[in-house]
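Each remark here refers to the structure printed beneath this line.
Just follow the structure's listing: the first ligand is 1, and inside any ligand the first atom is 1. Only heavy atoms go into these numbers, but all of them, side chains included; no hydrogens, no water, no symmetry mates. In what follows, residues are counted from 1 in the order of the sequence shown. Please read all numbers here as calculations on a predicted model, not as lab measurements.
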Amino acid sequence: MGTMTSPVHANQRARRYTPHPLYDSSPTFRMARMQLVKVAEETEIDPGILERLSLPKRAVVVSLPVRMDDGSTQAFMGYRVQHSLTSGPSKGGLRYHPAVDLGEVAALAMWMSWKCGLMNLPFGGGKGGVACDPASLSKGELERLTRRLTEELLNVISPRMDVMAPDVGTDEQTMAWIMDTYSMKIGYACPEIVTGKPVAIGGCVGRREATGRGVVFTIMEAFEELDIDPSGATAVVQGFGNVGSVVCAELVKQGVKTLGVGDRYGAIANSKGIDISALQRHVAGGKLLRDFGGADRIPSNELLTIPCTVVVPAALERVVTEENAARLNCRILAEGANGPTTPEADEILQEEKDIFIIPDILCNAGGVTVSYFEWVQDLQQFLWTEEMVNHKLEELMHGAYHRVRTLAKDRHISNRSAALTLGIQKIAREKEWRGLFP
Ligand code: NAD
């Protein structure tokens, strides 16, 4: 049984480009769909399976009324999208950001499916979000918002159906509130309902650092392949949150200097290298990254074009675009963020710039991989050591990197196409075996 079909159903092929009114108003969703269609054409996935993969399995939209600290009531829009439940529970982050909408969440859920497929994890893709600015909400408001969201999603989440994790604007505290709300509803402690929660309540050692650590594993693999000496290498990192700050710290351990860093409030650069420990202390002290004394402030839109060995976008999607792609001045683009490169920019990077891309679903897969370890430990009530976690993470990241590179070289396709092909084909194969119900 393969994923190839010889007679092409013309009607079905024509239908694949039909935009869906619920999702396709989002440029991020259109981008995810374009990637899927491109891979489907290159690999001739069965048109019926492509049809099933093109839209999320389930999407829930809720309004979340929250009592604000000043006594007023504010309603926020919340979303949870489960793209695929074929391989196991859907798995994916929860994002709190003002730009969150249904299409963006659906695109991120779709990418999670391909990522779990590529990593051979027994999960489908999911994602959730609330359109809000967490920086402007108090801790109490965030807690009430999170508990209300959990309550509204009770019918569609469970350790066997959908397991959330942190993403932009959420953290281990958010996961702890979800775990507590869910546990109160079912009557017993249920740590396996979320991953990325504090270690004290069933979290996994090393989960907080896992995404950034995985990003740096893949960068080191690329350095080895491209014969780059880390001690002479330099980096630029966009985003200094969970992923970006760990990437910077792990790069220091490898001897790589970070020349520029940015976040939503601004960007800084130092041609001699930024003292990352000092920057971490500065930010942990509640100060803005842009006010750090050990570097110069630069315009945010100049960050990604600083000449360096590796650029790591680790903030939001669609930041490497047609507008700035030709000005990137690096050898490697390591996609810590999900969907940072638009398809138009992708072409420019590959055809005009010869930049080696480590695609998002491979580069940042360390997070979901250690989330998988956390879920397994919670289900078995058997906890691993940090050494076991990191060793297993390295093994899985190493395997995935080389599967992607082998396919890319064999078929003369881009790393992105190779990674997407591996992820998509795994789910397509599972769908073929399971068949179409009823
Ligand atoms: P986070 O909220 O911890 O940090 C986000 C960072 O991006 C912050 O420093 C923020 O200031 C910055 N930022 C926001 N808007 C920006 C803008 N317009 N310009 C520049 N910087 C901006 O989030 P995170 O968990 O580090 O996630 C970052 C990216 O990594 C996202 O794309 C996320 O989907 C992806 N990701 C995260 C994980 C994880 O485990 N947390 C796993 C895989 C992928």
Side-chain angles (χ1 to χ4, degrees), residues 28 32 91-100 104-105 107-112 114-116 118-119 125-129 132-135 142 164-175 194-197 203-204 206-215 218 236-249 260-268 279-280 283-284 288-290 298-304 311-321 324 334-341 358-374 393 397:
T28 311
K91 185 84 195 76
L94 175 66
R95 177 174 291 195
Y96 288 178
H97 189 274
V100 161
E104 180 190 71
V105 175
L108 289 161
M110 190 183 266
W111 286 326
M112 282 305 293
W114 315 150
K115 194 184 300 182
C116 294
L118 169 64
M119 298 307 291
K127 206 81 183 189
C132 69
D133 181 3
L142 281 171
M164 290 192 256
D167 191 73
V168 174
T170 59
D171 57 16
E172 56 184 18
Q173 176 63 81
T174 323
M175 295 304 114
V194 283
T195 59
K197 58 195 166 290
C204 175
R207 169 60 184 91
R208 207 182 56 77
E209 299 81 10
T211 309
R213 210 169 260 162
V215 169
T218 62
V236 160
V237 180
Q238 182 191 53
F240 201 66
N242 176 295
V243 180
S245 67
V246 175
V247 166
C248 291
V261 186
D263 70 4
R264 67 183 280 198
Y265 301 109
I268 53 172
L279 179 60
Q280 277 172 331
V283 172
L288 285 179
L289 174 140
R290 67 180 185 209
I298 58 162
S300 291
N301 62 4
E302 287 179 12
L303 179 71
L304 297 177
V311 165
V312 186
L316 297 175
E317 56 271 9
R318 301 175 61 81
V319 293
V320 180
T321 62
N324 63 5
E335 296 184 337
N338 285 307
T341 309
I358 310 175
D360 49 5
I361 64 167
L362 168 65
C363 191
N364 67 38
V368 71
T369 302
V370 177
S371 275
Y372 166 59
F373 300 161
E374 182 173 330
L393 171 65
M397 293 298 298

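- Set against the non-hydrogen atoms of R207, the atoms of ligand 1 under 4.0 Å away are 40 (O).
- Under the side-chain hydrogen bond (donor to acceptor under 3.5 Å, both in side chains) criterion, D133 pairs with R264, not counting sequence neighbours.
- Here's the thing with D167: one of its N/O atoms is less than 3.5 angstrom from an N/O atom of ligand 1.
- Around atom OH of Y372, no more than 12 heavy atoms belonging to other residues, nucleotides or ligands sit under 6.0 Å away.
- Protein heavy atom closest to atom 18 (N) of ligand 1, with residue, atom name and distance, is L316 CD1, 4.3 Å.
- When heavy-atom distances to ligand 1 are checked against a 4.0 Å cut-off, S300 has no atom that comes that close, whether in backbone or side chain.
- Ligand 1 is never approached by G93 to a heavy-atom distance shorter than 4.0 Å.
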- [ ] Begin with the C-alpha distance, continue with both residues' side-chain angles, and end with the deciding distance and a verdict on salt bridge (Lys or Arg N to Asp or Glu O under 4.0 Å) for R95 and E104.
- [x] CA-CA 10 Å; R95 177 174 291 195; E104 180 190 71; 3.6 Å; yes
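- At a 3.5 angstrom cut-off on N or O pairs, F240 counts as close to ligand 1.
- Closest protein heavy atom to atom 13 (N) of ligand 1: R264 N, 3.6 Å.
- Every N/O-N/O distance between K115 and ligand 1 stays at or above 3.5 Å.
- If you check the side chains of N338 and N364, you find a donor sitting under 3.5 Å from an acceptor.
- When A315, P134, G241, G169 are checked for heavy-atom proximity to atom 2 (O) of ligand 1, G169 turns out nearest.
- Using a cut-off of 4.0 Å between Lys/Arg side-chain N and Asp/Glu carboxylate O, E172 and R207 are scored as not salt-bridged.
- With respect to atom 25 (O) of ligand 1, the closest heavy atom belonging to the protein is N242 CB, 3.7 Å.
- Checked by distance only, ligand 1 and H97 stay at 3.5 Å or farther apart across all their nitrogen or oxygen atoms.
- Minimum interatomic distance between V194 and M175 (heavy atoms only, all atoms of both residues): CG2-O, 3.6 Å.
- From the protein, the heavy atom lying nearest to atom 26 (O) of ligand 1 is V243 N, 2.9 Å.
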- [ ] Would you sort out whether I268 and L279 count as a side-chain contact (heavy atoms from CB on, under 4.5 Å), showing the intermediate values?
- [x] CA-CA 11 Å; I268 53 172; L279 179 60; 4.1 Å; yes
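- Under a 4.0 angstrom heavy-atom cut-off, E317 registers as lying outside contact with ligand 1.
- Below 4.0 Å from some heavy atom of G336 lie the following atoms of ligand 1, by number and element: 30 (O), 35 (C), 44 (C).
- Rounded to the nearest 0.5 angstrom, N242 CG and D171 CG are separated by 9.0 Å.
- Using a 4.0 Å cut-off between heavy atoms, M112 makes no contact with ligand 1 at all.
- With rounding to the nearest 0.5 angstrom, the NZ atom of K127 is 3.5 Å from the CG atom of D167.
- With hydrogens and angles left out, the side-chain atoms of Q280 and S245 include no donor and acceptor closer than 3.5 Å.
- Among all protein heavy atoms, the one lying closest to atom 21 (N) of ligand 1 is D263 C, 3.2 Å.
- Nearest to atom 42 (C) of ligand 1 by heavy atom, out of N338, L304, V319, T211, is T211.
- Donor-acceptor pairing under 3.5 Å is recorded for the side chains of K91 and T195.
- Atom numbering of ligand 1 starts at 1 in the shown order; those under 4.0 Å from a heavy atom of R95 are 31 (C), 32 (O), 33 (C), 34 (O).
- Nearest protein heavy-atom contact of atom 27 (O) of ligand 1 is V168 CG2, 3.6 Å.
- Close contacts between ligand 1 and N364 involve ligand atoms 43 (C), 44 (C) [criterion: under 4.0 Å to a heavy atom].
- Rounding to the nearest 0.5 angstrom, the gap separating the CD atom in Q238 from the CG atom in D263 is 9.5 Å.
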